[in-house]
Enquirer: 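Pasting in a structure now, in structure tokens, and then I'll have a few things to ask.
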Amino acid sequence: MDDIAKNIGARAQAAREACPFLTAKQAAFHLGLAYSTLKRLRQMGTGPKCRLHGRTWRYHIDDIEAWSVARARGGNHG
């Protein structure tokens with residue numbers, strides 16, 4: 001097996017062990033939202049970026065964090 005194939009195999013194994021994609025329920029829990037709220041945000045196009053993998057919506061952890069940070073407000077917002 002050459003070095004390229006070994007590297008690809010190692011990267012694939014690492015991805016399987018620590019998948020950065022969350023299901024909609026996991027993403028909602030991570031954000032502290034109800035699943036139905038996250039679903040509504042997705043349908044309106046205002047939620048975090050997501051991808052349809054087969055029949056399951058998946059959220060990349062970096063997209064969830066970026067979406068959350070973009071909504072940060074200062075202490076005197078109320």
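Please read all numbers here as calculations on a predicted model, not as lab measurements.
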Enquirer: With a 4.5 Å cut-off on side-chain heavy atoms, are K39 and L41 touching?
Expert: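 When only atoms from C-beta onward are counted, K39 and L41 do not touch, as no gap falls below 4.5 Å.
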Enquirer: Say whether H30 and E65, considering side chains only, have a donor N or O and an acceptor N or O under 3.5 Å apart.
Expert: yes
Enquirer: Is the shortest heavy-atom distance from the side chain of R42 to the side chain of W57 under 4.5 Å?
Expert: yes
Enquirer: Hey, does R51 have a side-chain heavy atom less than 4.5 Å from the side chain of F21?
Expert: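 Yes, close enough: below the 4.5 Å cut-off.
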Enquirer: Same cluster or not: M44 versus I64, using hydrophobic residues (I, L, V, M, F, W, Y) connected whenever any side-chain heavy atoms lie under 4.5 Å apart?
Expert: yes
Enquirer: Heavy-atom count around R71 CZ within 6.0 Å, excluding the residue itself: above 12?
Expert: yes
Enquirer: Would you compute the distance between atom OG1 of T23 and atom CG of L38 and round it to the nearest 0.5 angstrom?
Expert: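 With rounding to 0.5 Å, OG1 (T23) is 9.5 Å from CG (L38).
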Enquirer: Once you round to the nearest 0.5 Å, how far does NZ of K25 lie from CG of L33?
Expert: 15.0 Å
Enquirer: Should W67 and L31 count as side-chain neighbours, where that means a heavy-atom distance under 4.5 Å?
Expert: yes
Enquirer: I need the minimum non-hydrogen distance between C50 and Y59, along with the two atoms involved.
Expert: CB-CE2, 3.4 Å
Enquirer: Quick one: CD on Q26 to SG on C19, what's the gap to the nearest 0.5 Å?
Expert: 8.5 Å
Enquirer: Work out which heavy atom in P48 is nearest to a heavy atom in D63; give both atom names and the distance.
Expert: CB-O, 4.1 Å
